[in-house]
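Heads up, the thing below is written out as structure tokens.
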Amino acid sequence: MVQVALEELRAEVRFEVHHVDARVSDDLEDVGALRPQKFIRLFKCILQAWWLRLRHGRMAFY
């Protein structure tokens, strides 16, 4: 679903789309489990989003 949404948004010339993969779980069994690795992955996602904002200016973040 994410891929379909990205393709549709990128097809629209009014939008500049950047994607940050925010998955922190490895699989469905891992969803809801508390592991330190997840906090590290989440921190990396936040850093990627901040970096995109620094490089490209203010933008909506969904």
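Computation of the quantities below employed the complete heavy-atom set of this structure, encompassing side-chain atoms and omitting hydrogens, waters and symmetry-equivalent molecules. Quick caveat, the model's predicted, so the values are computed rather than measured.
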*Count the heavy atoms belonging to other residues, nucleotides or ligands that lie under 6.0 Å from CD of Gln3, then report whether that count exceeds 12.*
no

*asked:* Check this for me: Leu54, atom CG, are more than 12 non-hydrogen atoms of other residues, nucleotides or ligands nearer than 6.0 Å?
replied: yes

*Atom of Ser25, atom of Lys38 and distance for their closest heavy-atom approach*: OG-NZ, 3.4 Å

_Ignoring hydrogens, what is the shortest heavy-atom contact between Cys45 and Ala22? Give both atom names and the distance._
SG-CA, 3.5 Å

*If you group Ile, Leu, Val, Met, Phe, Trp and Tyr by side-chain heavy-atom gaps below 4.5 Å, do Val24 and Ile46 land in one group?*
yes

*Just grab all the ring pair (Phe, Tyr, Trp, His ring centres under 6.0 Å) pairs involving residues 16-35, residues at least two apart or on different chains.*
His18-His56

*Remaining members of Val20's ILVMFWY cluster at a side-chain heavy-atom cut-off under 4.5 Å?*
Leu52

*Which pairs pass salt bridge (charged side-chain N to carboxylate O under 4.0 Å, His left out) with one or both residues in residues 14-25, sequence neighbours excluded?*
Glu12-Arg14, Asp21-Arg23

